[in-house]
There are 2 protein chains.
Amino acid sequence: MAEVAARAGVSAMTVSRALKSDGAVSEETRRKILTAVDELGYVLDLSAGALSSKRTGFVAVLVPSINNSNFSDTARGITEIIEGRGLQMLLGYTDYDMEKEEQLVQAMLTRRPDGIIVTDGRHTPKARRMLRSAGIPVVETWDLPADPIDHVVGFSNAEASRALVHRLYQKGYRNIGFIGGASRRDTRGADRRLGYTRAVEELGLPVGRTISFGNPPISMEQGGQALVHLIQQWPDVDAAVCVSDLSAFGAIMECHRRGWAVPGRIAIAGFGDFEVSRCAWPRITTVAVDCRNIGREAGRILLDALDAVQHAHPPAPATLIVPFEVIEREST
Amino acid sequence: MAEVAARAGVSAMTVSRALKSDGAVSEETRRKILTAVDELGYVLDLSAGALSSKRTGFVAVLVPSINNSNFSDTARGITEIIEGRGLQMLLGYTDYDMEKEEQLVQAMLTRRPDGIIVTDGRHTPKARRMLRSAGIPVVETWDLPADPIDHVVGFSNAEASRALVHRLYQKGYRNIGFIGGASRRDTRGADRRLGYTRAVEELGLPVGRTISFGNPPISMEQGGQALVHLIQQWPDVDAAVCVSDLSAFGAIMECHRRGWAVPGRIAIAGFGDFEVSRCAWPRITTVAVDCRNIGREAGRILLDALDAVQHAHPPAPATLIVPFEVIEREST
DNA sequence: CTGTTAGCGCGTTCAT
DNA sequence: ATGAACGCGCTAACAG
């Protein structure tokens, strides 16, 4: 920056101001400076700027898996909103594991992000403590935490799953099973199972018809295998609710292979409104949430909180409940 | 850090050394320091450390889209390798757009990454110049660039596509179409189309039976629509090669809907070996590349280059060609 | 194994 | 609209 300043015949401070668009610099000096920048191929060093300004311009984002379009859509929504403000996302994968989340929180805080967005309402005590004491806005997404840390953008996975079972009941299904992964790790998966259980209980349907299949995220292949188990164990099931569209898809393809008509022999529903569900044959009944919008709203709330801190307003914790919708398609 | 040092009765420098595992610190001092760290809830500030050590510990990674499991697998492979060395990935999406890639390269360099991994062998002149003059190792992946910037981990998309068409020919197909997006943006898609064209020409098959459908990435839905166009325009096609498994899947589901047997009426093949292809009914013939391994190898080459720089060895540009494999399944 | 000194490249703050 | 002094929090380099 000193070299650029020398070449443009100004001080380094003026270069710094010219390079942030907000700086009060005359048009002529700015032009001279940008020319010098171009000639020297100078690139601003934000890591030095961060140290000085005490704002890194990073937003830490923790998702269970990047290899799941629901969460990558959310990440995309966040990026959309924050990149306009010159913020950069720091992405981490927890692999559906609270311990790993704790490690990631620690690693992320080491980079001094201006804010942090997590996917999940449950955390280890240490992670919770670190998040609370980091002194930055926190947004929990994809869930409605019992004890929110700060801001929330989410919905009740249990309610959504319950609504889906009720819809199946309305359609006449009376013997409904559930397919999911081992529930300990995937808290959203556990909530969906809980919603299923509540629904079958309050509707007076046969209970306990659930298949657990391996560690989340349960794959398409596992969905297919789980369905076979479900039908072998309870041959009278007439519908299956799957923890996600991916397992529902696997289940349906396995039915095709075995010549079991869907929904004739068994109706199958998923969760998440993945692209594959909109396109599969039959199209898959599911619960849709606007994932990208969750990201956008989380980003917006974070920006507001950052602004409030700058203006010394008290940033009141916000909770935004986003809608879900049961979308009935051909598979039920 | 000064507070931690005071509490532990040592200098800040000793705290710094105790917190990097490599530091030569006696076990007792280290213990005292870690106790003080814990009591104060201290978290190391790497952005300050970066300024001082001139190594940020960031690896910039640019992918066309995060919402594509091929690329998120590659990103995961990179993370696996680099996180063991305390490096943090900075992820950016180019949205299949060279202009956006250029902007992202600039934005990333502003963070002074220790290395950068890009997905693509083609870049704007300015992006190329910035990458060359950044003074950090560069790895281009998923392609075999005509004029590599530095290191390469990739394969020939054209050759892979050509091999797939040859395999279809061996199976007896003589009237093969191609479904893809507008080729200008997605250079890998353009290469796959090129490989298709070469193959049908050298095999003496009817040429030009290609459908272009919108901007990449072409969706499942678009794959289905494109297939209908293909068959309407050339009713005698007996096989379709799709630019990716996603469009192939959409095409197959559309065939189910219209009662066209796959592969009876038309054989359909994809590219990328996505999960959906392994699980679909029928299972989809495709070209498989080990995406995660591309990431791992790129990460490894980057680490080697970083080590070489540290030891003042000349880091010779490496080109690693990863294998692809045509996987024949039920859809052909 | 531990401490001291100096400085990384910016932005804040104040002065002009 | 521009400049000067200073310090952000840490680590390199050297001394002991």
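In this text, all values refer to a predicted model and were calculated from it rather than measured experimentally. Residue numbers start from 1 in every chain, and the chains themselves are labelled A, B, ... in the order their sequence lines are given, proteins ahead of strands.
- Considering all non-hydrogen atoms of both residues, A:A127 and A:E101 come closest at CB-OE1, 4.3 Å.
- Under 4.0 Å is where a charged nitrogen must lie from a carboxylate oxygen, and between A:D186 and A:R188 at least one such pair does.
- In this structure, the CZ atom of A:R31 is 16 Å from the C1' atom of D:dA1, given to the nearest Å.
- Using a 4.0 Å heavy-atom criterion, one finds that B:T29 contacts the sugar-phosphate atoms exclusively.
- Within the 4.0 Å cut-off from OP1 or OP2 of D:dG9, at least one side-chain nitrogen or oxygen of A:K54 is found.
- Following rounding to the nearest Å, B:R112 (CZ) and D:dT11 (P) show an atom-to-atom distance of 19 Å.
- Applying the 4.0 Å criterion to OP1 and OP2 of D:dC8, one finds that A:S52 has every side-chain N and O outside that range.
- Distance B:L51 CG to C:dA6 P: 18 Å, rounded to the nearest Å.
- Summarising the geometry, the separation between CD on B:E3 and P on D:dC10 is reported as 10 Å, rounded to the nearest angstrom.
- Going from atom CG of B:L46 over to atom C1' of D:dC10 covers 10 Å, rounded to whole Å.
- A sub-4.0 Å separation between OP1 or OP2 of C:dC10 and a side-chain N or O of A:Y42 is present.
- Atom CZ in B:R17 sits about 11 Å away from atom P in C:dT4, given to the nearest Å.
- In this structure, B:T14 reaches the C:dG3 phosphate: one of its side-chain N or O atoms is under 4.0 Å from OP1 or OP2.
- Checking the phosphate oxygens (OP1, OP2) of C:dT2, a side-chain nitrogen or oxygen of B:S26 falls inside 4.0 Å.
- Between A:A2 and B:G9, it is B:G9 whose nearest contact on DNA chain C lies nearer the 5' terminus.
- Nearest-nucleotide assignment on DNA chain C puts the 5′-proximal partner with B:M13, out of B:S53 and B:M13.
- Residues A:S69 and A:S72 bring no donor and acceptor atom of their side chains to less than 3.5 Å of each other.
- Between A:K100 and A:D120 there is no salt bridge, since no side-chain nitrogen of the basic residue lies less than 4.0 Å from a carboxylate oxygen of the acidic one.
- In this structure, B:R55 places its CZ atom 21 Å from P of D:dG9, rounding to the nearest Å.
- Between A:D38 and A:R31, none of the side-chain N atoms (NZ, or NE/NH1/NH2) sits under 4.0 Å from a carboxylate O, so this pair counts as no salt bridge.
- In this structure, the nucleotide among C:dG3, D:dC10, C:dG9 sitting nearest to the side chain of B:V10 is C:dG3.
- When distances are taken from the side chain of B:A48 to each of D:dG9, D:dA12, C:dC10, the shortest belongs to D:dG9.
- For the pair A:L44 CG and C:dC10 P, the computed distance is 6 Å after rounding to whole Å.
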